[in-house]
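Report on the structure given below.
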Number of protein chains: 2
Amino acid sequence: MKCVVEYPKDHPFPIQNLPYGSFYTAGDASSQRCGVAIGDYILDLQALSYTSHFSPTLDRDVFAVQPSLNAFMGLEKQTWLDFRTHLQQLLSQPSPLTLDATVAAADVEAGIAQRKHIGRRLFVDRLAQDTVLCLPCRIGDYTDFYSSLEHAYNCGVLIRGKENALQPNWRHLPVAYHGRASSIVPSGTPIHRPVGQILDKPGDTQPVIAPCRRLDFELEVGFRLSPAEAADRVFGAVLLNDWSARDIQTWEYVPLGPFLSKNFATTISPWIVPVHALEQFTCPGYDHQPPLLPYLQDGTNTNFDIPLTVALRPWESDEALDSGFAVISHSSLRHTYYTVRQMIAHHSTTGCPLNPGDLLGTGTLSAPGTEGYGSLLEMSHMGRRPFSVQSTVGEVQRTFLNDGDTVKMSGKATASNGEYAIGFGECVGTILPAVPM
Amino acid sequence: MKCVVEYPKDHPFPIQNLPYGSFYTAGDASSQRCGVAIGDYILDLQALSYTSHFSPTLDRDVFAVQPSLNAFMGLEKQTWLDFRTHLQQLLSQPSPLTLDATVAAADVEAGIAQRKHIGRRLFVDRLAQDTVLCLPCRIGDYTDFYSSLEHAYNCGVLIRGKENALQPNWRHLPVAYHGRASSIVPSGTPIHRPVGQILDKPGDTQPVIAPCRRLDFELEVGFRLSPAEAADRVFGAVLLNDWSARDIQTWEYVPLGPFLSKNFATTISPWIVPVHALEQFTCPGYDHQPPLLPYLQDGTNTNFDIPLTVALRPWESDEALDSGFAVISHSSLRHTYYTVRQMIAHHSTTGCPLNPGDLLGTGTLSAPGTEGYGSLLEMSHMGRRPFSVQSTVGEVQRTFLNDGDTVKMSGKATASNGEYAIGFGECVGTILPAVPM
C-alpha cells in the first residue's frame, strides 16, 4: 500500500497500523479531538468528519463532537473494521487527499461543515511543538493483572525462595487488583517521586514518612476494552508503565494489596494500536499446567509477539533528553501466561461490569532469562545487586530510579514480509524530586 | 423550624438534614435530575432552578442541566453552605412554597423557564411507585479503607490468633485498597450471588468454579469527596454495603488483595447526607497509640457518632418484603480508628488525584463487644458457629447469606434536644441465585 504520507520502512505508524489517539493544538485544550497517527502526521478525525471524505456508514458525531475515543470504542467490532478499511482506502494512493487537504467550501455547501471550518487542515504535524497528545479516552476503571509467569516467579524467588516461588493460586487464575484510574497520565508527563510511609531500615517496626527510596518501573501492555463479548471486547493496546514505590509497597500491602505504592502515577503511550493491526503477530500461548478450569480454557490460546524494550537515560547523561538512552531490557508481549481473553473471562465471572474505555494491564512482562526483566526489582535483585547502565559520561550504577532518570518503553514488530513494522511508539517519563511536604 | 412538608419527629430526613440525591419519574430515565429529600418528598432541584425561588447566588445550570451531583460537588464548601441555608429558609414556614407549588407562567415571563416547564411540580412523592432513585453522582474512583480497629482485630484473631491479630502496619496507617467503581449500585438493586474459583474443601489445592458459598455483607459508611483541601473535602456521607464473597476472597487475595470477591456489587444508600448535618454528632476519636506520624495527626480527632444497624430478612419469612427484618448488629460510625480527614491525608500523600464524586469507604464498622459485628465473617466466626435469626416462621440458622435473604442497613442519630433525627435512610439488597454459567 502506497500512502499519502511518506515514512521510512521501520516507522511504527504505517498505513497497516493506524492507531487512534486524542490531541489538541495551538495551546487550546478545548480543541481536544480524535485522530489517527500516520507516519509523523495525525489525520484529524474531527476535521475529516466535516468533509465528504468521511465514512458514509459512521455517525459523524462520534468524531465531530467527542473529544476522545469512548463513543467510537462503544461501537461494534464490525464498525471499527469498516472504518479502518475506509481510512486505509482514503490514505492509500491514488487518493483524493493530499497532505495539504482542507475542509472545503463544497463541504459547507453540502451541509456537512460550517463556514468557520473552511480551510481547516486534515493532516496535523504530530511532532510539532504545539501538538499535545492527551489520554486517548476517559478511563472508568483500571485493572492490573499479574500475568507474566517469569515476573511472578522472579519476584517469588526473591521474596520466598525457589521452593515456594509461585503462590498456590497463581497457575489457576490470573491474579489482579484494581488500580487507580485518576492517576493515569499520557507519555511524557513528568513523575514526582512519591512520599510515603516506609521502614527506615530492615527490622524497624516504627515507620518514617519520607520520599520513596526504591522507585521502580514496570513494563506492561494495557488493553483497552469495548462493550462486546469476550474476544471481541478488546479494542486495542497501549504501552503501560506501572510506576511502583517498592519500599512503600512492602510496608503497606498487607493484607489488602498495593495502594499508595502504585496510585501516584501510571503512564500510558498515547496511541491505541487496534487489535486488528496486532493479529498478524499472534504466536502460541503458554502451556497451562495444571490444566485451567473450563471457563478459562482458551481454544485459540495465542499471544501477540511484539518485542518490547525498556531504555533508561540516567540523570548523569549530559546531552539532550532525546539521546543518552541505554536499553536495559528486551521482553515481549508474548510473555503473558494468561491471554487477554482469559483475563476478560476471569474478570467478568462474577458479573463485574466492564465498560468501553476500561483499561486492563498485563502486569510486568518479564522474559525468560536475565536480559528481559520488566522491573528494577528483578534487575537489582530487590536492591541487593546494583547493575551498570551506560550514560553519556560513562557507566553509572543503579538499583532503583534516581531523580532525573528517564524511563522509555517502546514496542515494535516487523511484518513477516519485512516491508513494514507495527509499533506502539513510546511511553516515557522522567522522575522529578519529591514535592516537599 | 416548622417545615412546608410535614413529617414525624423521628423521620430521617427533616429540614435539618436535607440530603442530596438523583432521581427520575414516570419511567423516563432521560429525566434524571437532582433533588433534596425532605420528609417523604423530594424537592426537585431542576424544577426549582426554573423558578424565581432558586438561590440568586448559584449557577442554575448546576441543577437545570446536570442529571447528577458532580457539578454541585465540584463547588466550594461555602457555596454548599449558602445553598443549604437558602433551602432551609425556603422550606421553613412562613414560605412562598406550598406542597403543590409549580413552575409558574411568571417564571417564563421572567425569562427563567420555558413554556413547556409551566405547571411542573416542585415536590415529588419520594415513596411513589414511579419515583426511581439513582446513584447520586458519577463515581470516578472508589477507595475502601479498613479503618475499624474492632473489625481488623476480630478478623485478625480469627485468621492468625490473638497474639498477631493486627498486622504490623495497622496502627501506623489507614490500610486501604482500590475498589471497582463500575459495580456500585443504588439501594434496592438485587444482587446475584457471584460465581468464582473457590476451594471445595480445606486442604484442596485444585480449585473449582462454583457459586460463592460464603456470601457476606460489610457495614460501612462512604464519604463523598469534593475538590477542596483536607477537612473541607468531604461533601457528605452514605451507607455502604461492601458485599464480599469470602471463599473467593480467601483463594484469590494473595498477594495483591481482594478482586473478584468484592467487585460484583457494592450497594450505597441513595441520599448523600451533608457533612454539615452530621457535625452536631461529633464525638472523640480513638487514642492513637503508638502516636501517628505528623502528617496523620488530626488536631481535632473527632468521629461522628451515628448509630448504625444491620437487619436481615431471611428468605424463610413469609410476609411482604418490608417486614420480617431482624436486627442482627448495632454499631456506629464512631468506630473508625482513623478519622476521615486522616484517610484523605494518607490517600493524597503520594499525590494521587482525588476528584469530586470519588467515594471513600470506611471499611467494615464493628463495635466493641459481640452485639455490633459489621460482617457475617465475624458473627459466624468464619462460618464455624451458626447463629440464630428471627424470621416470621420462627428462628432460622445462618453462617453466611442464603439466596433470597435481604440485608438492610440503616443509620440515624437523634439531636441532643430530642426534637429531630438525622438519618441516612436505608441501604438494601436481596440476594438472587447465581446466574447459570
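Chain letters run A, B, ... following the sequence lines, proteins first, then strands; residues in each count from 1.
Under a cut-off of 6.0 angstrom, the local environment of CZ in A:Arg138 is sparse, with at most 12 non-hydrogen atoms contributed by other residues, nucleotides or ligands. For B:Gln289, the CD atom sits in a packed shell: over 12 heavy atoms of surrounding residues, nucleotides or ligands are nearer than 6.0 Å.
For the pair B:Arg180 and A:Asp358, the salt-bridge criterion is met [side-chain N within less than 4.0 Å of a carboxylate O].
Rounded to the nearest 0.5 Å, atoms CD1 (B:Ile248) and CD (B:Gln197) are 9.5 Å apart. In this structure, CG in B:Leu260 is found 4.5 Å from OG1 in A:Thr350, a value given to the nearest 0.5 Å.
Comparing A:Gly351, A:Pro207, A:Ser183 by heavy-atom pairs within less than 4.5 Å of chain B, the highest count is held by A:Pro207. For chain B, the option among A:Ala434, A:Ala181, A:Ser182, A:Gly257 with the highest count of heavy-atom pairs below 4.5 Å is A:Ser182. Between chain B and the options A:Tyr253, A:Trp251, A:Trp170, heavy-atom pairs under 4.5 Å are most frequent for A:Trp251. Residue with the most contacts toward chain B among A:Gly140, A:Pro258, A:Gly196: A:Pro258 (heavy-atom pairs, distance under 4.5 Å). For the set B:Leu256, B:Thr349, B:Val195, B:Val435, the entry with the most heavy-atom pairs within less than 4.5 Å of chain A is B:Leu256. Chosen from A:Phe264, A:Tyr295, A:Tyr177, the residue pairing most often with chain B at heavy-atom distances under 4.5 Å is A:Tyr295. Taking chain B as the reference chain and counting heavy-atom pairs below 4.5 Å, the highest number among A:His347, A:His192, A:Gln167 is found for A:His347. The candidate from B:Val175, B:Ile139, B:Leu173 with the greatest count of non-hydrogen atom pairs under 4.5 Å with chain A is B:Leu173. Taking chain A as the reference chain and counting heavy-atom pairs below 4.5 Å, the highest number among B:Leu199, B:Leu293, B:Asp144 is found for B:Leu293.
For A:Thr205, the part lying under 4.5 angstrom from a heavy atom of chain B is the backbone only. For chain B, the nearby part of A:Val208 is the backbone; its heavy atoms alone come within less than 4.5 Å. The part of B:Leu296 that comes within reach of chain A is its side chain, from C-beta onward, which places non-hydrogen atoms under 4.5 angstrom from that chain.
Between A:Asp200 and A:Arg213 there is a side-chain heavy-atom pair separated by less than 4.5 Å.
Classification of the A:His288-A:Tyr337 ring pair by plane angle, with boundaries at 30° and 60°, yields perpendicular.
Between B:His178 and B:Tyr142, the ring centre distance reaches or exceeds 6.0 Å.
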